[in-house]
Amino acid sequence: MKWQLQAQLNHVLQTLGYELPTPAGLSFPANPDFGHYATNVTFQLAKIQKTNPKLLAETIATQLEQSPTFKGKLQCSAVNGFINFTFSNDQLWALLTQLEGVSFPKTTEKILLEYVSANPTGPLHIGHGRWAALGDSLYRILAATGHQVQTEFYINDAGNQVQKLYESVQAVKAQTPIPEDGYHGAYIHDLAALGDDPLKQNLKWQHDTLAAFRTHFHSWVSEKSLQGPEKIQNVLDILRQKGLSFESEGALWFRSTEFGDDKDRVLIKSDGANTYFLMDLVYHLDKIQRGFTLLINIWGADHHGYVKRVRAGVQALGGEQFAQDAHFKIMIGQLVNLFRGGEPVRMSKRTGDMITLQEVIDEIGTDAARYFLIEKSPDSHVEFDLAVAVQASSENPVYYIQYAHARLCNVLAKLADQGTPEAQSGLPQLGPDEAALIWQCLKWSDAIWEAAQNLAPHQMAHYAWGLAKKVQLFYERCPVLKASPAEQHQRLEIIKHAKETLRKSLDVLGMSAPEKM
RNA sequence: GCGCUUGUAGCUCAGUUGGAUAGAGCAACGGACUUCUAAUCCGUAGGUCGUAGGUUCGACUCCUACCGGGCGCGCCA
């Protein structure tokens with residue numbers, strides 16, 4: 001909605017002869033008295049024209065309201081120098097009932113979203129859960145807003161860590177001590193007992209956990225599959241031709257300092273082995289060669305030191321285009337601290353190892369786990385209390401949102417039994433709680449579009465909560481079953497839309513929308 | 001030491017990219033159950049936005065310095 005109105009607004013301002021330095025933007029006023037949308041374009045204009053923003057706002061507001069585009073459709077008023085836009089209740093009703101689907105601005109980027117990409121050397125932990133919730137919700141949000149997006153899991157199945165995994169499992173089988181720098185978790189003993197290829201088994205476990213977490217990937221790319229000599233040679237050739245590699249101390253280096261890295265990085269070690277970094281460059285060039293124009297990576301904060309060198313590499317290989325954040329985004333998620341009833345939880349009671357994502361899912365369920373991991377901005381360090389997450393109380397927003405959905409389903413079911421009211425002629429008389437709920441539903445497209453633009457799934461968690469709040473209020477104050485036929489008809493329309501919007505909101509969060517609770 | 005990140009109500013966090021009187025939830029206190037499912041709703045209280053400067057019509061937001069938290073600084077992956 002917003003971008004369409006924004007486009008209209010800019011068009012009208014242009015025809016009125018106002019020259020804007022940047023297109024006028026719309027925002028949601030914090031105070032509901034200030035209408036549904038607001039613009040501060042008057043402040044920018046006043047600066048250029050050296051006039052008083054308040055007077056300017058009054059002039060423009062009048063002009064806008066009289067313009068053919070907005071006349072009779074939108075109330076435009078000048079307050080404190082802002083211009084506020086308000087839909088009448090009739091207009092809200094029309095928007096709700098006449099809206100046929102939602103169209104988003106066209107996008108042309110081909111997006112590859114890579115996330116989790118855990119080492120196949122052990123079980124996933126709660127941090128992986130956060131990247132999984134973040135990545136999968138982001139995928140759902142991007143897909144729902146018309147983006148071309150694919151998700152991918154990169155398997156680090158080559159190199160020392162995997163070697164150590166094999167050695168550790170082998171040691172247990174041979175009943176010899178596990179090497180000092182090997183893996184010592186209880187799961188190593190499980191792997192030894194199972195007898196299968198430990199790497200494949202770990203991958204299966206990870207895959208199963210991610211599936212239980214409702215997280216799905218279009219592709220799983222193995223590091224091994226990229227080890228063909230021609231792919232590696234290709235990367236080395238490009239760097240050499242651009243004069244970005246050099247030999248020193250028996251190793252081959254990438255001159256990443258050329259692109260702002262703190263120091264140059266080794267590509268081929270003096271013992272002749274490829275570094276993990278070189279393989280990552282091969283992988284990223286492969287992404288670009290597959291035709292993706294926007295790469296998004298989600299990494300844990302413990303890898304942020306790696307950002308500069310990979311950016312440098314991608315810029316060197318993919319060209320200037322990929323130097324821009326617009327084409328290569330690296331999202332850093334802060335780590336998660338687990339608690340249970342206020343006490344820190346690090347270790348699993350069962351195994352004594354780091355508590356796994358699977359154990360968290362088993363304990364609190366996928367819905368709650370996903371909500372609490374997605375609720376906060378990726379930049380914030382999450383303090384996640386497992387005891388709160390399972391509480392069936394008002395302390396728990398998961399139930400609050402799902403309960404709102406279940407309540408609406410219940411009313412709809414009862415209404416279906418008792419017979420739905422006939423459509424009424426004439427315009428509905430909307431009360432404030434009805435209008436507020438309608439507006440919250442209409443804002444869904446703005447909310448999801450902005451969450452997509454900002455790569456910020458947590459904004460959808462807040463939106464969903466806000467919608468649930470409006471639903472609960474409506475439920476308290478606007479009975480449906482006992483309403484008069486006219487009221488019942490309009491309320492039925494509203495809760496049908498509200499239910500569907502709640503369901504869509506829960507869906508992009510990867511949460512279920514129960515019909516009964 | 002250097003780099004990234006973070007600091008907002010007692011607690012957990014938002015803050016629409018520089019706008020209007022800084023917002024929610026929980027906890028606290030007071031109220032509402034002959035209900036469409038009380039897993040709910042209403043009200044009250046709670047703040048020098050880490051500190052100090054700077055930029056401008058206007059700063060939680062941008063810049064600088066300092067203080068505190070987290071993480072990272074391998075020819076590991």
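Lettering follows sequence order; numbering is per chain, from 1.
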Which part of the nucleic acid, if any, lies within reach of [X] when heavy atoms closer than 4.0 Å are counted: base, sugar-phosphate only, or nothing?
| X | value |
| --- | --- |
| A/Glu249 | base |
| A/Val307 | nothing |
| A/Asn454 | base |
| A/Ala301 | sugar-phosphate |
| A/Thr121 | nothing |
| A/Trp465 | sugar-phosphate |
| A/His303 | base |
| A/Ala158 | sugar-phosphate |
| A/Asp379 | sugar-phosphate |
| A/Cys409 | nothing |
| A/Ala273 | nothing |
| A/Arg265 | nothing |

How close or far is atom [atom2] of [N] from atom [atom1] of [X], stated in whole angstroms?
| X | N | atom1 | atom2 | value |
| --- | --- | --- | --- | --- |
| A/His458 | B/A24 | NE2 | C1' | 13 Å |
| A/Asn40 | B/U61 | CG | P | 17 Å |
| A/Gln459 | B/A14 | CD | P | 11 Å |
| A/Lys263 | B/C4 | NZ | C1' | 15 Å |
| A/His462 | B/A24 | NE2 | P | 14 Å |
| A/Gln227 | B/A77 | CD | C1' | 13 Å |
| A/Phe277 | B/A77 | CZ | P | 12 Å |
| A/Leu473 | B/A32 | CG | P | 19 Å |

(Q) Could you check whether A/Glu114 pairs with A/Lys287 (Lys NZ or Arg NE/NH1/NH2 to Asp/Glu carboxylate O, under 4.0 Å)? (A) yes

Taking atom [atom1] in both [N] and [M], what distance in whole Å separates the two?
| N | M | atom1 | result |
| --- | --- | --- | --- |
| B/C75 | B/U61 | C1' | 43 Å |
| B/G54 | B/U16 | C1' | 27 Å |
| B/G10 | B/G50 | P | 13 Å |
| B/A65 | B/G1 | P | 14 Å |
| B/G46 | B/U12 | C1' | 15 Å |
| B/G25 | B/C42 | P | 8 Å |
| B/G70 | B/G30 | P | 39 Å |
| B/C62 | B/A45 | P | 32 Å |

Q | Short side-chain N/O contact to B/C41 OP1/OP2 from A/Tyr400, under 4.0 Å | A | yes

Q: For B/C42, take OP1 and OP2 only and decide whether either is under 4.0 Å from a side-chain N or O of A/Lys469.
A: yes

Q: Report yes or no: is there a donor-acceptor pair, N or O only, under 3.5 Å between the side chain of A/Ser380 and the base of B/C13?
A: no

(Q) So, under a plain 3.5 Å distance rule, would you say the side chain of A/Asn84 forms a donor-acceptor pair with the base of B/A20? (A) yes

Q. Should the pair A/Trp439 and A/Tyr37 be assigned to parallel (<30°), tilted (30 to 60°) or perpendicular (>60°) ring geometry?
A. perpendicular

Q. For the residue pair A/Trp253 and A/Phe246, does the interplanar ring angle fall in the parallel (under 30°), tilted (30 to 60°) or perpendicular (over 60°) class?
A. parallel

Considering only side-chain heavy atoms of [X], which listed nucleotide, [options], is closest?
| X | options | value |
| --- | --- | --- |
| A/Lys47 | B/U16, B/A77, B/C57 | B/C57 |
| A/Arg407 | B/C75, B/A77, B/U40 | B/U40 |
| A/Gln161 | B/G70, B/C76, B/U40 | B/C76 |
| A/Tyr403 | B/U40, B/C75, B/G25 | B/U40 |
| A/Phe82 | B/C76, B/G19, B/G72 | B/G19 |

Q) Going through the checks in order, is the salt bridge (charged side-chain N to carboxylate O under 4.0 Å, His left out) test met by A/Arg311 and A/Asp325? A) CA-CA 9 Å; A/Arg311 283 196 108 72; A/Asp325 189 58; 3.2 Å; yes

Q: Give a yes or no on whether the ring-centroid distance for A/Trp220 and A/Phe153 is below 6.0 angstrom.
A: yes

Q. Between A/Lys516 and A/Arg309, who's closer to the 5' end of RNA chain B by nearest nucleotide?
A. A/Lys516

Q) Considering heavy-atom distances to RNA chain B, does A/Leu481 or A/Lys269 have its closest nucleotide positioned more toward the 5' end? A) A/Leu481

State the pairing partner of [N]; accept Watson-Crick or G-U wobble contacts with both distances under 3.5 Å, and report none otherwise.
| N | answer |
| --- | --- |
| B/G1 | B/C73 |
| B/G7 | B/C67 |
| B/C62 | B/G54 |
| B/C13 | B/G23 |

Q) When you check the glycosidic angle of B/U5, does it come out syn, meaning within 90° of 0, or anti? A) anti

Q. Under a 4.5 Å cut-off applied to non-hydrogen side-chain atoms, are A/Ile401 and A/Tyr399 in contact?
A. no

(Q) Do A/Leu236 and A/Leu278 make a side-chain contact, defined as non-hydrogen atoms from C-beta onward lying under 4.5 Å apart? (A) yes

Q. Within the stacking criterion (centroid distance below 5.5 Å, interplanar angle below 30°), does A/Phe43 stack on B/G58?
A. no

Q: Would you check if A/Tyr306 stacks with the base of B/G72, given a 5.5 Å centroid limit and a 30° plane limit, both strict?
A: no

Q.
Can you confirm if the NZ or CZ of A/Lys164 lies within 45° of the ring axis of A/Tyr183 and under 6.0 Å from the centre of its six-membered ring?
A. no

Q) Looking at CG of A/Leu134 and CE of A/Met331, how far apart are the two atoms once the value is rounded to the nearest 0.5 Å? A) 4.5 Å

